[in-house]
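Read the structure below first, then the notes.
Below, read A as the first sequence line, B as the second, and so on, with proteins coming before strands; counting in each chain starts at 1. Below, all heavy atoms of this structure are taken into account, side chains as well, without hydrogens, waters or symmetry copies.
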Protein chains: 2
Amino acid sequence: MRLTTKGRYAVTAMLDLALHAERGPISLADISKRQEISLSYLEQLFSRLRQSGLVSSVRGPGGGYRLARPGAEICVAEIIDAVNESVDATSCGGNSDCSAGEQCLTHYLWTDLSHQIHGFLNGISLADMVARAEVQEVARRQDGRSAALGDNIEQKVAIIGGLQ
Amino acid sequence: MRLTTKGRYAVTAMLDLALHAERGPISLADISKRQEISLSYLEQLFSRLRQSGLVSSVRGPGGGYRLARPGAEICVAEIIDAVNESVDATSCGGNSDCSAGEQCLTHYLWTDLSHQIHGFLNGISLADMVARAEVQEVARRQDGRSAALGDNIEQKVAIIGGLQ
DNA sequence: TATATAGCCGAGCGTTCTGGTCGGGTATTT
DNA sequence: AAATACCCGACCAGAACGCTCGGCTATATA
């Protein structure tokens, strides 16, 4: 079992997508700025997310990524799976051949743990997270900051207009 | 968060100790044979387990390791912690400074998951595992096999006696 | 007292993964 | 035509895992 920045980045990026869904396709550059994740690394993650059918892409200017399904139908476990971070805690992948072809002493403990974790992450959808007050607060802060950094097109236009 | 063979080996070895507690100190060589774990690797793991106060050692012939406390007072979470595999799922270690000094979007999700896992592994002691029917079955099988392989001193003596 | 046992300890090593960069594509809009 | 933004493969440093090896020290037994 492994849960590192990779899986966390993937979930964070997907949540960012869910939070800004109404804006149409979201570019990776936007996500990169808001969530402070390397753009190239995001590309790699989204390659997998697309292959797993969790997002769809739109190429060209104004393009980006969209959730392939409503946020309520995408759970955290799926996202982590998609970027190849198994949540399985057994060494044998549930095959019970952990110790020379037979079940190891602690086999049942790891399968129990796996079920526990999987159950938890399977029960949380992107929509659930979007609904959380804490998440909305952080999102508001991030949107404000990126707007201040000149990420917001309308604002850019207004500034340029003011300069002329 | 990471849970690999390292943590699994540690728990397995500790359980082996708990299962054979009545025999007195158990040598790593015995555990190595029964659980098919490299002896040198076991030494490294037990170095940490001893530093964490989970086991005590007896040097010299007939020596080995003993649980430092009754099995009922040693939980799985402690063992995994001892070999330095954190069960914490956050990147910031619960400090909420995951994203440029501030809380990241998914912070609460990872803290919730950490609590979930920690609660589960904290609630299971070595004594709990020893009591499980599945574990006793596997242990019986392992003891039988290692005896057949010549691990059992009385049997060895009997065989040698028979040859003369 | 010599020898064997078994815990201790540090150095090193191949492999895998992470997290990331770079350079170059290609589709699409303006 | 140019700019945008997805796409893709190669490459890289660093860290951790799982493991080996060699040598040490304490202790029990012959």
Side-chain angles (χ1 to χ4, degrees), chain A residues 1-13 17 23-33 35-52 54-66 68 80 83-86 91 98-99 104 151 153 156-157, chain B residues 1-13 17 23-33 35-52 54-66 68 80 83-86 91 98-99 104 151 153 156-157:
Chain A
M1 184 179 60
R2 204 179 301 115
L3 182 53
T4 66
T5 318
K6 192 177 188 180
R8 281 192 289 263
Y9 277 175
V11 175
T12 303
L17 230 55
R23 295 193 193 171
I26 306 295
S27 73
L28 293 189
D30 283 2
I31 300 179
S32 170
K33 273 181 223 152
Q35 308 304 335
E36 306 181 74
I37 305 172
S38 136
L39 177 57
S40 304
Y41 198 46
L42 272 177
E43 285 184 342
Q44 285 174 46
L45 297 180
F46 272 80
S47 168
R48 288 175 183 275
L49 293 172
R50 197 173 51 91
Q51 281 164 37
S52 302
L54 292 179
V55 297
S56 61
S57 63
V58 180
R59 301 181 69 156
Y65 286 92
R66 247 193 271 266
I80 295 176
V83 294
N84 247 11
E85 289 208 310
S86 171
S91 58
C98 3
S99 180
C104 69
D151 192 28
I153 293 173
K156 255 193 212 159
V157 172
Chain B
M1 183 179 60
R2 205 179 300 113
L3 182 52
T4 66
T5 318
K6 193 178 188 178
R8 281 192 289 263
Y9 277 176
V11 176
T12 303
L17 230 54
R23 293 193 193 173
I26 305 296
S27 73
L28 293 188
D30 283 3
I31 300 179
S32 170
K33 273 181 222 151
Q35 307 305 335
E36 306 181 73
I37 304 173
S38 137
L39 177 58
S40 304
Y41 199 45
L42 273 177
E43 285 182 343
Q44 288 172 45
L45 297 181
F46 272 79
S47 168
R48 289 175 182 275
L49 293 172
R50 196 172 51 91
Q51 282 163 36
S52 302
L54 293 178
V55 296
S56 60
S57 63
V58 179
R59 302 182 67 156
Y65 286 93
R66 247 193 272 266
I80 295 176
V83 294
N84 249 9
E85 287 207 313
S86 170
S91 57
C98 2
S99 180
C104 69
D151 192 29
I153 293 174
K156 255 192 210 160
V157 172

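Atom CZ in A/Arg66 sits roughly 14 Å away from atom C1' in D/dA5 (whole-Å rounding). Between the P atom of C/dT18 and the CD1 atom of A/Ile37 lies a distance of 15 Å, rounded to the nearest Å. Straight-line distance from the CG atom of B/Leu28 to the P atom of C/dT5: 16 Å, rounded to whole Å. C/dT5 atom C1' lies 12 Å from atom CG of B/Asp30, rounded to whole Å. When rounded to the nearest whole Å, the span between CG of A/Leu3 and C1' of C/dC17 equals 14 Å. When rounded to the nearest whole Å, the span between CZ of B/Arg8 and P of D/dC17 equals 12 Å. Look at CD1 on B/Ile26: it is 15 Å from C1' on C/dG7, rounded to the nearest Å. For the pair A/Arg48 CZ and D/dC6 P, the interatomic distance rounds to 18 Å; values are reported in whole Å.
The side chain of A/Ser47 contributes no N or O atom lying less than 4.0 Å from OP1 or OP2 of D/dC6. For C/dT18, one of the phosphate oxygens OP1 or OP2 lies less than 4.0 angstrom from a side-chain nitrogen or oxygen of A/Lys6. The side chain of B/Thr4 contributes an N or O atom lying less than 4.0 Å from OP1 or OP2 of D/dG18. Listed pair A/Tyr9 / C/dT18 fails the phosphate criterion, with no side-chain N or O lying under 4.0 Å from OP1 or OP2. For the pair B/Arg2 and D/dA15, the criterion of a side-chain N or O lying under 4.0 Å from OP1 or OP2 is not met. One finds a side-chain N or O of B/Arg50 lying less than 4.0 angstrom from the OP1 or OP2 phosphate oxygen of C/dC9.
Two residues are said to be in side-chain contact when any heavy atoms from C-beta on lie closer than 4.5 Å; B/Leu17 and B/Phe46 meet this criterion.
Atom CD1 of B/Ile80 is separated from atom NZ of B/Lys6 by 12.0 Å, given to the nearest 0.5 angstrom. We find the CD-CZ distance between B/Gln35 and B/Arg8 to be 14.0 Å, quoted to the nearest 0.5 Å.
For A/Ser56, the side chain to side chain donor-acceptor pair (under 3.5 Å) test picks out no residue, with sequence neighbours left out. For B/Ser38, the side-chain contact (heavy atoms from CB on, under 4.5 Å) partners at least two apart in sequence or on another chain are B/Ser40, B/Tyr41. Contacts of A/Ser52 classified as side-chain contact (heavy atoms from CB on, under 4.5 Å), with partners at least two apart in sequence or in another chain: A/Leu54, A/Ala82.
At a threshold of 4.0 angstrom between heavy atoms, the contacts of B/Phe46 with the nucleic acid are absent.
Closest to the B/Ser27 side chain, of the nucleotides C/dC8, C/dA6, D/dC6, is C/dA6.
For the residue pair B/Ser47/B/Gln51, the side-chain donor-acceptor check at 3.5 Å is satisfied.
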Where protein sits on nucleotides 21-30 of chain C, one letter per nucleotide: B base, S sugar-phosphate only, - none, heavy atoms under 4.0 Å: BB--BBBBB-
